[in-house]
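Notes to accompany the following structure.
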Amino acid sequence: MFEELERELRALDGTHKIEVDIPADDEGYIDRECPSFECLFAFKIHEDDWRGIVRDEEVFCPFCAHTADSDKWWTQDQIEHINELAIARVNSRIGQAMKRDADRWNRLQPKDSFIKITMEVDNQAHHVPLPLAAESMRIKITCPECGCRYAVVGAAFFCPACGHNAANLMFAQSLSGIRNTLDAIDNIRTSIPDRDTAETTARFLIESGLQHAVMAFQRYAEVLYDKIQPSTPPRRNAFQNVSLGSDLWKTVTGKQYNDYLTTSELEFLTISFQQRHLLAHTQGIVDSDYIARSGDSSYRVGQRLIVNEDTVRSTLALIEKLAAGMEAESPPFELFEE
């Protein structure tokens, strides 16, 4: 009675492939998502480059550099669409098989019989709409190594096609992220009902901004140094210290930080870098080493540092100015578009 259905169920056993159309946005970029559950970073990649540059066996997450083959980068909306489409296809095949069984059964019923049993199958097609592409992302990047075009929101550090780490892009985005956090602090304060918690959160973000700024400079300075002197790695953490970093830079370029910054700017940056050291190692409690190394006489041993937004913003500006001077001494980076 259900021969067609049984035959279709046997045919459906095992693995089957279906073709899925994934829409691109108005600029030709398709949505992708990191498959690492710890990351799930959303980004876009130009559909021509996804087909023509990205390798099937290895794709890189632009944020965390997680790697996986090209079949793993579906977004949650795309996965839901694929599942709905697969179910619709299976239901359609089963429905068509049952309809064939019903038609065969009905044809075999005697026409003049007093009792006639017929079968009817409601096999309406189930329409599965295509998922809409997410809105365009503002930051668009072209990899200087392979030419792959991709787009992100926030920050991205690696090319999805080749994994290239654009150090200048990473540095710029790190500083931009710190500034954006500082810009949001007033809103964060007002959004937290408990005043103590709000102030503690604001202080944490400001102090973290100073620490992240110095660390971003250190990483970038190490890259610039390596471009000039790749055979001799710099002393560990030397670029976290203004004096040591300046001396080290002179060994490979003949120039020191005072070739890029004024005396007062260097003094300010020295204090900021030493304050980062205290925040990282003594929870901001002033010791005698801080006073000796920074020349900051406004504190006494045992006091707690006070770091405000203006300090962090001024540090960011001086770090950018210093990095620009240092970058001019090293081989050029390729530009990215935004």
Side-chain angles (χ1 to χ4, degrees), residues 17-83 85 130-177 180 215-216 219-227 230 323 327 330-338:
K17 290 185 178 182
I18 60 173
E19 291 189 5
V20 180
D21 292 324
I22 299 298
D25 65 18
D26 294 339
E27 297 176 290
Y29 288 78
I30 55 176
D31 301 328
R32 306 281 78 168
E33 182 180 280
C34 177
S36 169
F37 289 112
E38 290 77 20
C39 181
L40 298 178
F41 181 74
F43 64 102
K44 289 173 175 279
I45 187 167
H46 200 281
E47 58 182 341
D48 292 341
D49 298 341
W50 180 260
R51 292 192 294 265
I53 297 179
V54 172
R55 294 173 296 143
D56 289 339
E57 61 270 21
E58 188 175 46
V59 182
F60 300 83
C61 172
F63 186 80
C64 73
H66 174 81
T67 59
D69 64 64
S70 60
D71 288 334
K72 303 294 192 300
W73 298 83
W74 304 103
T75 70
Q76 298 306 304
D77 286 344
Q78 291 167 350
I79 291 172
E80 182 179 354
H81 169 71
I82 292 169
N83 288 337
L85 185 61
L130 282 173
L132 296 176
E135 64 181 30
S136 298
M137 295 180 175
R138 187 175 66 86
I139 299 177
K140 294 181 175 61
I141 305 164
T142 300
C143 176
E145 292 293 313
C146 69
C148 179
R149 293 163 290 177
Y150 57 104
V152 300
V153 171
F157 309 122
F158 306 94
C159 170
C162 68
H164 173 69
N165 181 354
N168 59 331
L169 174 60
M170 187 172 183
F171 177 66
Q173 291 187 344
S174 295
L175 300 196
S176 176
N180 291 339
M215 296 303 296
R219 289 191 294 265
Y220 191 47
E222 288 174 347
V223 171
L224 295 175
Y225 178 94
D226 183 68
K227 289 174 69 178
E327 184 179 327
S330 64
F333 285 105
E334 296 287 342
L335 298 177
F336 68 94
E337 55 179 307
E338 180 174 339

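All heavy atoms count here, side chains included; hydrogens, waters and symmetry mates do not. The model shown is predicted, which means the values in this text are computed figures rather than measured ones.
Note that CD of E38 is 4.0 Å distant from OG of S36, once rounded to the nearest 0.5 Å. A distance of 7.5 Å separates CD1 of I30 from CZ of R51, quoted to the nearest 0.5 Å. Summarising the geometry, atom CZ belonging to R219 is positioned 10.0 Å from atom CG belonging to N165; distances are rounded to the nearest 0.5 Å. Between atom CD of residue E27 and atom CD of residue E47 there is a gap of 12.0 Å, rounded to the nearest 0.5 Å. With rounding to the nearest 0.5 Å, the separation of OG in S70 from CZ in R32 is 8.5 Å. With rounding to the nearest 0.5 angstrom, the OG atom of S174 is 11.0 Å from the CE atom of M215.
For D49 against G147, the heavy-atom pair with the smallest separation is OD2-O, 4.0 Å. Taking each heavy atom of S330 and L224 in turn, the nearest pair found is OG-CD2, 3.4 Å. Taking every heavy atom of both residues into account, C61 and C64 meet most closely at SG-N, 3.4 Å. Annotation for I53 and A161: closest pair CG2-CB, 3.8 Å, computed over non-hydrogen atoms. Residue A216 comes nearest to L175 through the heavy atom pair CB-CD2, 4.2 Å, listed as atom of the first residue, atom of the second, then distance. Between P160 and I45, the shortest heavy-atom contact is CG-CD1, 3.9 Å.
Using modelled atom types, one side-chain atom of Q78 and one backbone atom of D31 make a donor-acceptor pair closer than 3.5 Å. Distance alone, capped at 3.5 Å, is enough to place a donor-acceptor pair between the N180 side chain and the S176 backbone.
For the ring-ring contact (aromatic ring centres under 6.0 Å, His included) with F41, the qualifying choice from F158, Y150, F60, F63 is F63, the only one to do so.
Scored by the salt bridge (charged side-chain N to carboxylate O under 4.0 Å, His left out) test, D69 finds K72 as partners (sequence neighbours excluded). With sequence neighbours excluded, the residues satisfying salt bridge (charged side-chain N to carboxylate O under 4.0 Å, His left out) with R55 are E57, E58.
Ring planes of W73 and H66: tilted class, angle from 30 to 60°. Between Y29 and H46, the ring planes are perpendicular. Angles over 60° get that label, and only those under 30° would be called parallel.
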